[in-house]
Structures are given as structure tokens and as C-alpha cells.
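What follows is a short report on a single structure.
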Protein chains: 6
Amino acid sequence: MKILVINPNDSNDMRLLIEQSCREVASQSTDITVVCAGAGVASVEGYYDGAIAQVGVLEQIQLGEKEGFDAYLIACADDTGLYAAREIAKGPVIGIGEAAMHYASMLGYGFAILTAQSKSIAILSQNAINYGFERQCKGVYAACIPVLALEALSESERAHLVARAEAILQHSEAEVLVFGCAGLTQQQSHFSHKLNLPVVDGVRAGVSMLEGLVRNKLQTSKRNTFQTNTMA
Amino acid sequence: MKILVINPNDSNDMRLLIEQSCREVASQSTDITVVCAGAGVASVEGYYDGAIAQVGVLEQIQLGEKEGFDAYLIACADDTGLYAAREIAKGPVIGIGEAAMHYASMLGYGFAILTAQSKSIAILSQNAINYGFERQCKGVYAACIPVLALEALSESERAHLVARAEAILQHSEAEVLVFGCAGLTQQQSHFSHKLNLPVVDGVRAGVSMLEGLVRNKLQTSKRNTFQTNTMA
Amino acid sequence: MKILVINPNDSNDMRLLIEQSCREVASQSTDITVVCAGAGVASVEGYYDGAIAQVGVLEQIQLGEKEGFDAYLIACADDTGLYAAREIAKGPVIGIGEAAMHYASMLGYGFAILTAQSKSIAILSQNAINYGFERQCKGVYAACIPVLALEALSESERAHLVARAEAILQHSEAEVLVFGCAGLTQQQSHFSHKLNLPVVDGVRAGVSMLEGLVRNKLQTSKRNTFQTNTMA
Amino acid sequence: MKILVINPNDSNDMRLLIEQSCREVASQSTDITVVCAGAGVASVEGYYDGAIAQVGVLEQIQLGEKEGFDAYLIACADDTGLYAAREIAKGPVIGIGEAAMHYASMLGYGFAILTAQSKSIAILSQNAINYGFERQCKGVYAACIPVLALEALSESERAHLVARAEAILQHSEAEVLVFGCAGLTQQQSHFSHKLNLPVVDGVRAGVSMLEGLVRNKLQTSKRNTFQTNTMA
Amino acid sequence: MKILVINPNDSNDMRLLIEQSCREVASQSTDITVVCAGAGVASVEGYYDGAIAQVGVLEQIQLGEKEGFDAYLIACADDTGLYAAREIAKGPVIGIGEAAMHYASMLGYGFAILTAQSKSIAILSQNAINYGFERQCKGVYAACIPVLALEALSESERAHLVARAEAILQHSEAEVLVFGCAGLTQQQSHFSHKLNLPVVDGVRAGVSMLEGLVRNKLQTSKRNTFQTNTMA
Amino acid sequence: MKILVINPNDSNDMRLLIEQSCREVASQSTDITVVCAGAGVASVEGYYDGAIAQVGVLEQIQLGEKEGFDAYLIACADDTGLYAAREIAKGPVIGIGEAAMHYASMLGYGFAILTAQSKSIAILSQNAINYGFERQCKGVYAACIPVLALEALSESERAHLVARAEAILQHSEAEVLVFGCAGLTQQQSHFSHKLNLPVVDGVRAGVSMLEGLVRNKLQTSKRNTFQTNTMA
């Protein structure tokens, strides 16, 4: 099985972190390639960035189709270009925000999302509604740390962020924490250990979810909404 | 990884069908045990049956905990005893109805559920709402065939059921079909081929979903709702 | 008219409190019998307890059907086994949580529920959604006192609980208080007097609601969902 | 206990029908007075009629307060002036549409409402949403018969209306029928017998609901929304 | 184009403020008349006041129809009598609360409403739900200042109210402020300047919205719900 | 006031039709410029087309900001790039789908949308939910005619489409028709005349809505979600 993971943020450091998480969770027989979208957005923060990065995501998927990938993971928590990608790929396409929310909803009564910047709150909240998790999502909270800075937290910054996560969980009465930024992907076990509850990292969740869909021989329905335009 | 699959319906024929689907989809390293709940309900049809079968499901999970299972799948589309099971198991617990709906929601704009008897429509509809899929679930429809009869359809019965499924899809404008009965588990590839769209079988979906959760090292949150009572 | 009140908690002290409330509110011509479910759950706290107690509730209803009861009240705020009970009884079946929420929704703009333990918050919140009171229910709050301890509050404990109720009402901007535990049933007039707003006790509400349904000659619909299985 | 029933429709024939239903269902100790609103609206059909009739309803309640009534029933299915009435009365106030929907929601999985004219569909649908019954209300259907004509159906008209009710139930997959017009109040037992499922008449439901609220010593909360203005 | 603006509050001072705002925003070719409803309610505070004032609003619209007005604006934030008015007018009818919410929903991710008295919170919240803005409306908050006092705030009262508005915006995480009282109509530019975000005044919004509807040659649909009764 | 109207479809014929509608509805003092997005998508049909066209829309808005436009209208019914556009423009930005739904919701009890192709149903339905019109939108229906063909209907094609619109209105019980494609913009008066109810054309609605917002001195809130990134 060949999975293409696309990082909408054009940051090679983040790409490497994502790759590491993918390797840690994937089955031995799964062949994973991680690329950046290449649209020139260093870090996706808000709708405009997403609109621009999206075009790169779609180009990578078009390349991926030629190379015979079985499934695609969009590795930004706002699931950049998700629906458009479903139109042009044959195999399943999911986003890491989406995958994380699905997992979290099965692990406790309500989850809270910790994202990087407050501009993303509206986007992730809207996605939660669209995916069906309006009730389960008890809140989206910003670390107020730039996306790229999340990749390389100092120990004291990390301790501070863990404390903020605990405060968020108390305030929202959530029972599961969701990482709302790929920059946190290597922090799952640390946060989970410190907070003593399940912490869902969308990169790992996404790889596993796609492996399952492919094992189930499930692809995107081409009946109507996601049928491929002849022009595309 | 050891997964315990519990069939709330005390039918060994159905247990064998479920086991076959589990084998077809599981990773080589996954060790799957399929048992019947043993509460004496031959086939779960409605709330009362579910209430009785549920006690058997919970007993199997208590046994499973002693034997060190990593995760549990409840193999009836009404997800018999799901929340209670989450209280007493350490590892993740999901139901096949739940797993199927999660998968289906990522494969098209709306899904329709085909269940056995009309008494189950309310239960599955209520579950869809609880899981967050009120909008995505375009309708629950009954085959009006007893659960156990679904296991052994004749060719003409099967053709008739495929035609009914197509009619359901047209009527509901759904783009994905969900099997709402474990008795249909061996029909996935046939229906998918005939209907030319993704058909989600909860047994397969459930096994893959649990494999993913375990690979992600995710267990049920014990922070509040699903903490284990000292009495249990 | 003969009403059977079933206490899912196997506590005779609580049974006596419930009986007292029933007597205080029932019409003279109503004949009320209060029994414990007998499933061995001293106090229902969480989903697992509810799943076990439920079987006792259903057995009492089956006995009740033989003895010709006209209606049934399930006297635990989580409405243990409500839907299954509707399948096997001819007359109406309601739960005290349900009855209280219906009354409360007609007495003010939004109600808050005071329950015993925080594990019940998810259950009561989910029930509120299922019954239609998602908007009216401004919050479910736990007293963090064991169910059985609520039966015998000291004066200082009671004063403390009244203060907590007032804080809950302020925080949630609710205008009506709902008792989310049968253990509080004898506290209605005290709380109502101290808080100066309507306090709804589900035991009393349930008895009156059933009297009304019976006087209206209304029974559970057997058209589809709640038709009795031939096996039951 | 003294209950004042107010018919927003200024039709003495309808007032007499309502009175008859009240007598049939009320407890012996309940003293019921049925009056017309007196605002000059012969039959309430639509928002404008309701706005005018409402003033009469409120005047009757102000008179009722002086005469010491314990509770009030607004006997039009659109619950004319309900919230305003709650501001000026001390005891509970409910509408027959409201009472019927509450009862129906506890008797089956979904109800359908049969009203007189299609102009009322929006009003009753909006009320169902406001009361919390958006999911339970499977549809509001018009008999397309004027309100006052419903009082005196010929046998063939009645048979035709029963057939229409059955068609409505089939189409909406509802399990309970709600009368959405006081003019049908004397038809409950006939329709229930013919349709073989519970048929809820709001007049009867309303009287019983109020008896229960009064026995529970429950009055409208005056904490904020329904506090009485000093001007009123 | 002739627009009739009806102030449900019988206060000439408020009428003059409203008139001033109308003039400031209307096109030169728009002819605006501002009248009081004349039902004797000095300031509408709550449901009862609204029910009484509504009759005056409807009478003004009936007069307006005779005088050939093209459109109507109800200038109270609770949109007194809105649906009934749509039945009797040919041209479009909107309320200032409604207009303000529509505008606000297009200017940011969520708005907060600042109203005069806490009794109005339920009414405005219910309207927000009915219009479709349940998610966008992040909260309705009361200034706890009588409606008529809002017309003539001292500088210190105004500064205090601006501070309260800022606190409301922080608490609700709203990005737009909506005035929930016509008494604030002349404060839009001051509040907008101080708060540095869009502040929507329903009077101005309503006039512009009606001008647009009339320019689009759009009138209320008379197909069913809002068809005029022959009696009206 | 200067308004920039951007047609995401790169069709000059459609641009001319849109321009004509703008002229017909705009105030004399409004200066309107209509451009194509220039991203190379001849007609936007589905998510992928929208993702590509969106980049062109955003470029036009960036040019527009330099030229001092006061407001922007996105002239495709799927409101291509709406939220991203709000980040980069100072003045208000709306889409024609959005504008039409707002207008329609104030003109009757429920509207139906007539779009070109069935692939757009999901997009428009999702938008209706996001804007708050889930209840008011009674359905989205496809003409099953390519977008560009809608520009130049023959008389018989138009008569056929009017008949389809009437059927849609009957089926959905909607009271207002919304055009879900800019290609229909010149058909408003014809359809409105034939169907005898309000038909809302988003191009006209959008121009008027923007004129109103600008007259109200309202711009997009830059408090959080739509603040401009320093990178953009």
C-alpha cells in the first residue's frame, strides 16, 4: 500500500517531523512518501494561506495519481483542500484534523482542540461542524505560538504548553485532547503522559485511518459530488 | 495486538461469518478472537433484545480484560452496550455501526444505512445523531428480512436486496451504502461491485479502526465519564 | 389506576423516600406500588451500573404486566432502560429524568440539572438531547455527593447544596432547577423555598405525568419501534 | 384547583366542544371554566389572527388572576400568546399544541401533526422547534378544512379525514398522531380506534398537564424572562 | 420608494432618534416616514409589552398599505409583530433586530448583541434561532439600563457602556457588536470607533436592507404562510 | 461608492450578463466594475474548479484593494473563496449565493435553490448550513444543464426550466425560489412572473446588499478570524 502525505506548509523541518510520526505508526507493509505542497506558503495560518496552499496540495495529488498512490493524507490541521482533493483522487483522501476528530470522538465524552494561532479557531470550529462533531468538540483553543515555533519547543515552553492544555481541558470539561497543528506531532506521548488522558495526533491518526480504508478496499464515492470533472 | 470481537447475537453461524470478515481485513500481526455474548438472544431486534444482550457483552469484556485484550469490537449494528463497555475496558471499544458510519462519512456526501428490520430504524437513527452523523446519515432503511436470514441469502433474494439498496440510494441521494446488520458482512464486495460505489461493512471497518487506535496507543479516557466504578 | 414505580437503585431507604413523594402528589384514586429493581445495583452511577440495573427494571415491568398495571415510572434520573421498557409494556412508561425535563421546559427559559456524581453528566446531557431539550437544558452539574448520601443530608450539607444550586443557576442563567437524582426527592419544597424559583422533582412529576397520560387513555404506540417482539 | 381554559377562537360551538373534552378528562376536584378570548377572531388562521386574538387571551388571564385561577390553558393549537401569558400569570400557563407535543414525544418514535389549514404549518413547525421537538415532529400536515368546519364533520368527511391521517402517518413514518386543531377535540377516540395508535388531543393533554403541574406546586419562574413588568 | 418605519415604543424622543438615523443612511430618492405604533406601550420590555404593541404595529401597516408604502421596518430589536405584518403587507417587512443580525453575520465570525434589559435576552435569543443565527450569535447581553434611558446617556454612562461592550466581546469571542435596542441607534459611530470593530445598528441596517429588497423588486411570498386572510 | 464584481467563471458572455444585472439594480452613484477571475476555469462546477478559480478571485481582490474599491461581490453561487477574500479586503465581501439566501429568508417560509449541475448540490447545501439557513433552505436542486448553457436558453428550454422550478417548489414546499447560478441572472423577472412568487437573483441581491453595508459604513471585522496576515 502506497500513501502520499502532503504537508501544505512548505517547511522541510515540519515535513521531517511528520515523516517521523508516519514511520512510527505505519504498518511495515505500508510505503509512505511525505512531500511539501510547494505552493510557497511557509506555514498555513488562516483562510488566505489555505486557499493558496490548496493549489499545491491538489498538484501533488495529481502527481500522486500518476504514480499510483492508494491514498492521501493532507497534513495540516485545517485539512487544506480536502473536498477538492476527493474529486481528483481515486483512492481515499483525509485530513489530519478530520482523522484526529474521528478518533477523539470514540475515546471520551468530548474533546478539546489545541491549535497554534487564534486565527485558526474559526476554521477548525467550522470543520468540526461540517464533520459532525459540533457537540463532541468542546472548544478550539490557541496556543498563540506560531506554527513553525511549535516544532522546536524548549523544555520550559513545552511545560507551559502542557499547563495550558490542562487548563483548556478543565475549562471545556473535555476528556480527550486533540492536537490542532502538525507542528505538535512529536509531542503526543509527552502530553499524553503528563495529562494522563488520550492525546490524538492527526498525523498518526490519519496514517492509520487510511491504512484501514485501503484494507477495507474503500475509495471515494464517484456517484455525484466527488465525481471527477472531465476538465480536471 | 489482541482484539476481542463480541457478537451480541447468539448465533454461531453469524459468529463464523464475522470471523471470516475479520480475518480478511486484519493485519497479520493482529490476533482476533470472536465470541458470542452468551446472553441468550439469538438475534438482537429492538431495544429489549439489546438490553438483555448487553449484559452478555459486558461479561465478555470483563473476561477479556482478565485475558489482556487490547481492544474490543461489538459486532452488532446497534452497538449494543457500547458506553457501558467503555467504562469497564482499559483499551478502546467501538461498535460496528459506529465504525461504519465514521468510515462512510469520509467517503462521500451522505450515506444510507440498510438494516434488517424496521424496529431497528429508530435505534440506528438515534445512534447516528449521538455520534454526530445526523446530517451525513440520509436515512435508515429496513430490508424487512430477519437478521439471521440475512446470513444465507439465495441468489434471487440477494439480487432483490441489491435492487432495494439501489432504490434506497436514489431516494436518499446518498453516495455511500452502510450495512446496518452484521448478517450482511460477507456481502460487501458483491454489493459494492453491483452498486458501483463504496459499501461499508462495520465488521471490517471496526477491526481496522481498532488496529489504528491501538497503533496510535490510544485508550478510552478515564478522566470522568468512562472512569471505572469501584463496584464494577 | 395502578402505577408501578421502579427504583433501579436497590436501596430500601431510597425506595421509602420515593414512596413518600408519590403519596404526596398522587390523586386519591391512584394506586401506587414502589419496588426496587432487584438487579443488585445499590446505586446507579454511570453507564455500566445502568446496564445491569436495567435488566431488573425490565423484569419488574414484565411482572407488572401480569399484575395489570396501567403505567410505569422508572425512578432514576438517568431513566434506566426506558426505551426497552416501552417495548414490553402496554401502558405508558416514563422516567423521572424525562418527566422533570418536560415540566421544567414549560416553567421558564432554560433549566439546570443538579445531579449526584459527575459521571452522570454525560448520561443526563445525552438524554436531554434525545428528548429534545438540548437548548432548554443550560447545564448538568454534579453535587459530587454519592447518590445514597443525598438521602440523608445534614442541615449544613443541605445548606451547602442549596448554595451550590444557586451558584449553578447564576452560572447557567437557568430559571428552573431540576433534581437529577431521586435521592433529593424530599428536598423539593425546601430548595424551592430557599431558591425562590420552581424546583422540579422527577418522582412527583413522573407520577402526575403518568396519571395524565392514563386519564387521556394514551398508551405507547405499537406501530413500529416499540412493538413487542414475539421473543420478549 | 381552578383552571381557566381560554379559546382564542371566538366560537361558542367550539367552546362547548372544548368544555366537553375538559370535563371528560379532568379530576373530580378540578374546577374548569372555559371562555372565549373575546377579541373578535372567529377562528385563528395564521399569524395575523393570532396577534389579534392574543390580546383577548391576555385580558382573560388578567381577569383570571383577579379571580384566583391556579392555572391556564390556551386552547388553540398555535398556543396563541403563550409566552406573554406566562409573564402576567402566577400559576402555570400552557398551550394545547405544546401539551400535545409533550405527550406525543413520550409515546412513540416521532409524531405527525394534523392541522386545519396549510397557513398553520409554519406556525406549528416553528413551535415544535421552539419547544424542542424538531426531531420528534415528523411533519405538520393540513386537512385543508376550515377550523370551524372541523367541529361538525359528516361521517364521510370524517372517514376521508381518517384516511388522510393514515396516509400522513405512512408518509412521515410517525408513530403517534397529534391533533393540531381544537376543532378535532371530540374525535380523539374515533381516530385512535380507526388508526390503532395513540392520538393526542391537546385539550385533554393540556388539562391533565396543568393538573399535574399544580399538584407538583409548580408555577412559572419569575426569575428573569417571565417576571411581571410593573406596567403590565 | 416609500418606506414606513414603525416604532413599537410610544416614545416621540426615540422616534426622532430613529428618524435621524434613517435620514443618515437612506438614499436621496427614498422617502421615509417614521411613526409610533400608538398602542400605548412607552417602551417594549418583554413578551407582554410586545403582544400589546404588536397590535399598534399592525394597524400602522394597514394604514400604510392604504397609503401605498413599498416596504416596512419595525424599529424595535425584538421585531414586534414581524410575521403577522408579513401577512398583511404586500411589500417586504423586516425588523431591526433581524436586519442587524443578517448584516453582522457577513462581517465576522460571530456577533454579540447588547440589549437594554435582561428580560429581552430570551426574546432576542429565540429570534436569532428562528432567523438561523444560532451559531453566529455568541450571546445576548443586557446593559441593565431601561430602554428609554439609552436614548440620553451621559458621557460617563456611555463610557461605562462601551467598557461593558468590550467585556462582552472578549467573553463571547464575538467579532462584531449588534445593538439590540433602537435607543442606541445614534451611538453606532461612537461605539465602532471606541471598540475598533463593526457595530451594527438595526435601524440603519433595516433601511438599507429594505431599499435593496425594493430595488430587487422583491415582495413577501404569498404562496402559503404569508397569504393574506380574507378576514384581515 | 466603487464595487468590484468578480466572476469566478472565465466567460466573457457571463460577465456581460452579470454586468447588465448589476446596472439594472445599482444606485446611480454606485460605480460597478465587473471582471473575470482569470484563473482559467471556464465554468466552476464542483470543489476542484472552485479551488482553482479561488486563486484568481483573490488576485482580483488584491488588485482591487490597490485601486480603492469599497466592496466586493463574488459572482458565483458557490461563493468561491469568500472567507479568504474577507482576510485580504478591507471593505465588505459577499458572495451571490450568500446574498440570495439572506434575502430569500426574509421573504417567505423556506426557499428552494435551483442550480445548474448536481455536483453543486453538496457545495450549496453546505454553504446554506454555514450561513445559518439549514432550516430555511428546503432543498437544492439541479437543472442538470451546464452552467454556460444557462446563459442562452431557448424558449422551450426556458419553459421547461420554469416547469421544473414549479415542481421543485411543490416538492419542497418552499415559498421563494433562489437562483443558484449566475447564468440565470437575466431570468429573474421572467421566472418571477411565471411562478408568481419572489425569485431571488444573487447578482442583484449582492449589489444591493453591498450598497447597504457601505452606506452603513460597515467593513469586515479585523479582530481575529479575518485579520490580514502580514504575509498576504
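All values below come from the heavy atoms of this structure, side chains included, with hydrogens, waters and symmetry mates left out.
Looking only at heavy-atom pairs under 4.5 Å with chain A, the residue among B:Ser221, B:Ser208, B:Ala99 that has the most is B:Ser221. Contact count against chain B (heavy-atom pairs under 4.5 Å) is highest for A:Glu166 among A:Glu134, A:Glu166, A:Glu211, A:Lys222. When each of A:Lys217, A:Met209, A:Arg135 is scored by its heavy-atom pairs under 4.5 Å with chain B, the top score falls to A:Met209.
Contacts from residues 14-32 of chain B to chain A, taken as heavy-atom pairs separated by less than 4.5 Å, involve B:Val25, B:Ser27 in sequence order. Listed by sequence position, B:Leu169, B:Gln170, B:Ala174, B:Glu175, B:Val176 are the residues of residues 169-180 of chain B in contact with chain A, using a 4.5 angstrom heavy-atom cutoff. Heavy-atom proximity under 4.5 angstrom to chain A picks out B:Leu195, B:Leu197, B:Pro198, B:Val199, B:Val200, B:Asp201 from residues 194-202 of chain B.
Closest approach of A:Phe226 and B:Tyr109 over heavy atoms only: CE1-N, 3.9 Å.
Contact annotation for A:Ile129: both backbone and side-chain heavy atoms come within less than 4.5 Å of a heavy atom of chain B. Contacts between A:Leu213 and chain B at a heavy-atom distance below 4.5 Å involve backbone atoms as well as side-chain atoms. Both the backbone and the side chain of A:Arg215 come within contact range of chain B, judged by heavy atoms closer than 4.5 Å. Of the atoms belonging to B:Arg204, heavy atoms from both backbone and side chain fall under 4.5 Å from chain A.
Taking CD from B:Gln219 and OG from A:Ser192, the interatomic distance works out to 9.0 Å, rounded to the nearest 0.5 Å. For the atom pair B:Leu218 CG and A:Met106 CE, the distance stands at 10.0 Å (nearest 0.5 Å).
Between A:Phe133 and B:Phe133, the ring planes lie perpendicular to each other; the angle is over 60°, past the 30° to 60° tilted range.
Applying the ring-ring contact (aromatic ring centres under 6.0 Å, His included) test to every pair with at least one member in residues 198-218 of chain A, sequence neighbours left out, gives no pairs at all.
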